[in-house]
Amino acid sequence: MPSLLQCFFLLALVSLVLAVPQPKLGKRSFKVERVANPHFRRALDHKRAPGAGTRALVKAYRKYGMELPRGMVDADGNIPAAVKVAADELVGHPAVEEAKAKAKAKGKANKTKTASSTSTAGATVAAAASTAAASSGSGTVTATPESQDVEYLAPISIGGQSIVMDFDSGSSDLWVFSTQLSATAQKGHTNFDTTKSTTFKTMTGAAFSISYGDGSGAAGTVGTDTVNIGGATVTNQAIEVATAVSSSFVSDTNSNGLVGLAFSKLNTVSPTQQKTFFDNAMSTLSQPVFTADLRKGAVGSYEFGNIDSTKFNGSLSWAAVNTTTGFWQFSNSKFSVGTGATTATDGTQAIADTGTTLMLASSAIVSAYYSQVSGAANDASAGGITFPCTATLPDLNVDVGGNYMALVRGDDINYAPVDSTGTTCFGGLQATTNDPQIWGDIMFKSQFVAFNGGNNSIGMAPHQS
Ligand SMILES: *[C@@H]1O[C@H](CO)[C@@H](O)[C@H](O)[C@H]1NC(C)=O
Ligand SMILES: *[C@@H]1O[C@H](CO)[C@@H](O)[C@H](O)[C@H]1NC(C)=O
Ligand SMILES: *[C@@H]1O[C@H](CO)[C@@H](O)[C@H](O)[C@H]1NC(C)=O
Ligand SMILES: *[C@@H]1O[C@H](CO)[C@@H](O)[C@H](O)[C@H]1NC(C)=O
């Protein structure tokens, strides 16, 4: 059986191949009617580079294999350049592709088995001899937003080599750019060199291949090494050494790989599935938690083993996590806009995903929200909902697990201008075309989030304003 992520990927491919998606966004009731826009292609050509908002939305849709709404297909039913951004090819050579295919076949044949034999490697963990909080297991690193908060990056050490990575609570592989990639792929990146690490050990016969569903991906070999994230250390952590990466990763020279922080059941290493850094570190951390403190246009932090109460206002509210899918998923049963009345949703779920830029919510939430924003429109040329940059956006309150309404600030929902004129802005809140909803960095900018692997729960509190 293919893995969940592979399923997502296949769905993404299917939706691409079928090409003419239903006008899902258009069914929504908020005031602005979508009209077929004959100028779509021209608008894109004119702008040359699609806006960061459009790219982020396409990436999120495709990461989760969702149908692209009609706004992302041009008048002729073709997918324009903006949307193709994520449809990239692995940059590798034939031998790599062959190894990858083999690994995939193996993984499939042994799926049931590998799922239950997670991390027989048995990583051993040690509290790091770090500076201040030396004695017990915890670690902190800065989380720095890339331009327009597209992603949040943090430094880690692998076998003593310091490498900046994207922390992703929506996937479960720790893979890294390496000196085994082609020179073209390595250019501008920090590349992990296994030969220069005295602690690196090859995991014979192991391989990984991850497809993020958005069309991006990476593949390669596997070994173990010591990973230190801001003082929290795991020895024998599975390191997935990329020998092929997709072009969107190649062109993003700020990031050199991903640190997957969802549940280990989504890990793609075969024949033996491996544990995430957090799973390995958990037993020696002071508390079995990691936290995300992501800020709008400013440096925040990721912390392991400790909940820093100076980073949020009041106390955390905890919600039970539904681990069925391997994501940090919880129920969402109601919402309100600004100071308006609370509306029940029809029992949907949402996941907290640091690796997705925008907040993708159910159409009921998105319609109700933008009906309160004058000038909001389903903007075909931008491929999503936009509004005048001068608009005052209300706050959005969304239920998390039944006992807490998380406030997402209107200011955070103003994602970014669609172009250099700064007149029209792209909404940080966009519609999902499926369940669960995917609440990405827009939500994290308003809420401090603690991921508790001890009792599988998620804690939230508003950031200090
Ligand atoms: C499945 O795993 C077993 C060992 O657990 C191995 O002998 C076998 O070759 C694997 N199957 C495939 C198709 O790789
Ligand atoms: C999980 O543990 C935290 C303490 O770390 C506790 O406050 C919270 O109530 C627990 N949550 C659930 C859903 O059990
Ligand atoms: C947990 O998630 C799965 C998959 O999204 C869903 O089918 C199931 O209903 C959820 N369970 C609960 C108790 O909400
Ligand atoms: C903390 O929350 C209270 C109550 O919501 C609010 O009045 C106060 O301004 C907040 N403090 C900070 C520093 O954000």
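Counting starts at 1 for both ligands and their atoms, in listed order. What you are looking at is a predicted structure, and each value in this text was computed from that prediction instead of being measured.
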Identify, for atom 13 (C) of ligand 2, the protein heavy atom at the shortest distance, and state residue, atom and that distance.
S457 CB, 3.7 Å
So do F448 and L316 actually touch side chain to side chain, heavy atoms under 4.5 Å?
yes
Hey, does Y152 have a side-chain heavy atom less than 4.5 Å from the side chain of F167?
no
Residue, atom and distance of the protein heavy atom nearest atom 4 (C) of ligand 3 read T325 CG2, 3.7 Å
Report yes if H463 has an N/O atom closer than 3.5 Å to an N/O atom of ligand 4; otherwise report no.
no
Distance only, no hydrogens: is a donor on one side chain within 3.5 Å (strictly under) of an acceptor on the other, for T199 and D225?
yes
Heavy atom of protein inside 4.0 Å of atom 9 (O) of ligand 3, strictly below
no
Identified side chain to side chain donor-acceptor pair (under 3.5 Å) counterpart of K445 within the set D412, D411, D149:
D149
Just checking, any donor-acceptor pair under 3.5 angstrom between side chains of T324 and Q329?
no
Provide the number and element of each atom of ligand 3 under 4.0 Å from a heavy atom of Q329.
2 (O), 4 (C), 5 (O)
If we set the cut-off at 4.0 Å for heavy atoms, which region of N452 has an atom near ligand 2: side chain, backbone, both, or neither?
side chain
Taking side-chain contact (heavy atoms from CB on, under 4.5 Å) as the criterion, tell me which of V150, L153, I163 meets it with S255.
L153
Name the closest protein heavy atom to atom 11 (N) of ligand 3, giving the residue it belongs to and the distance to 0.1 Å.
N322 ND2, 2.9 Å
Nearest 0.5 Å, what's the CE-OH distance between M359 and Y369?
10.0 Å
For atom 14 (O) of ligand 3, grab the closest protein heavy atom and report residue, atom and distance to one decimal in Å.
Q349 NE2, 2.8 Å
W318, any N or O under 3.5 Å of ligand 2 N or O:
yes
Starting from atom 1 (C) of ligand 2, what is the nearest protein heavy atom, named by residue and atom, and what distance separates them?
N455 ND2, 1.5 Å
